[in-house]
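Here's the structure, in C-alpha cells; my notes come after.
Here the structure is a predicted model, which means the values were calculated and not measured.
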Amino acid sequence: VQLQASGGGLVQAGGSLRLSCAASGRTFSNYAVGWFRQAPGKEREFVAAISRSGVSTYYVDSVKGRFTISRDNVKTTVYLQMNSLEPEDTAVYYCAANRAGLLRATLWDYWGQGTKVTVSS
C-alpha cells in the first residue's frame with residue numbers, strides 16, 4: 001500500500017490543523033493506520049493509531065483530548081484532526097500502516113512521506 005501524507009503547515013499556538021493520509025494499492029481496510037512525528041533533534045514518536053474498522057483508537061498521552069484520528073475506508077484516507085496545538089507539537093508527521101491490524105504495533109509495514117507541522121508561540 002502506498003501512503004501520502006498532507007495537510008501540514010504553519011499555525012499559531014491554540015490553532016488547528018487536519019492531516020490526511022491517502023492510501024492506494026492494496027485493500028486499505030485490511031490495515032491499521034498510525035500517525036507518528038519527529039521533532040528536530042528528537043527520535044520519532046508514536047502519536048495515534050486507528051483500527052481497520054475505525055472503531056478502536058489509541059493515543060499517546062500528550063495528545064489525548066486534543067487530537068482525533070479517524071478514517072474513511074471508502075475514500076481510503078485516515079485523518080488526524082489536531083486542535084489546541086502547542087509549540088511542542090512542531091514536527092514532521094508521518095503516517096504508517098500495518099497488516100497485523102495492531103494499534104500498538106512495533107512493526108509498521110508501510111510508511112508515507114512526512115508533512116511538516118510548525119506551531120508558533
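Between F46 and F36, the ring-plane angle classifies as perpendicular under the 30° and 60° cut-offs.
Heavy atoms only, all atoms of each residue included: L80 and A48 are closest at CD1-CB, 4.3 Å. In plain terms, the two heavy atoms of K75 and D72 that are nearest each other are N-OD1, 3.1 Å. Taking each heavy atom of A23 and L3 in turn, the nearest pair found is CB-CD2, 3.7 Å. Here the shortest heavy-atom pairing between S62 and R37 reads OG-NH2, 3.5 Å.
Sorted by first and then second residue, the salt bridge (charged side-chain N to carboxylate O under 4.0 Å, His left out) pairs with a member in residues 98-117 read R99-D109; sequence neighbours excluded.
For the pair R52 (side chain) and N30 (backbone), a donor-acceptor distance under 3.5 Å is present.
Counting heavy atoms from C-beta outward, T76 and V1 have side chains that stay 4.5 Å or more apart. Looking at R66 and D89, their side chains come closer than 4.5 Å, going by heavy atoms from C-beta outward. Here the side chains of S16 and V11 are not in contact, with every heavy-atom distance at 4.5 Å or above. You'll find the side chain of I69 reaches within 4.5 Å of the side chain of V78, heavy atoms only.
Across L17, T90, V63, a single residue satisfies side-chain contact (heavy atoms from CB on, under 4.5 Å) together with L85, and that is L17.
Side-chain rings of W35 and F67 stay apart, their centers remaining 6.0 Å or farther from each other.
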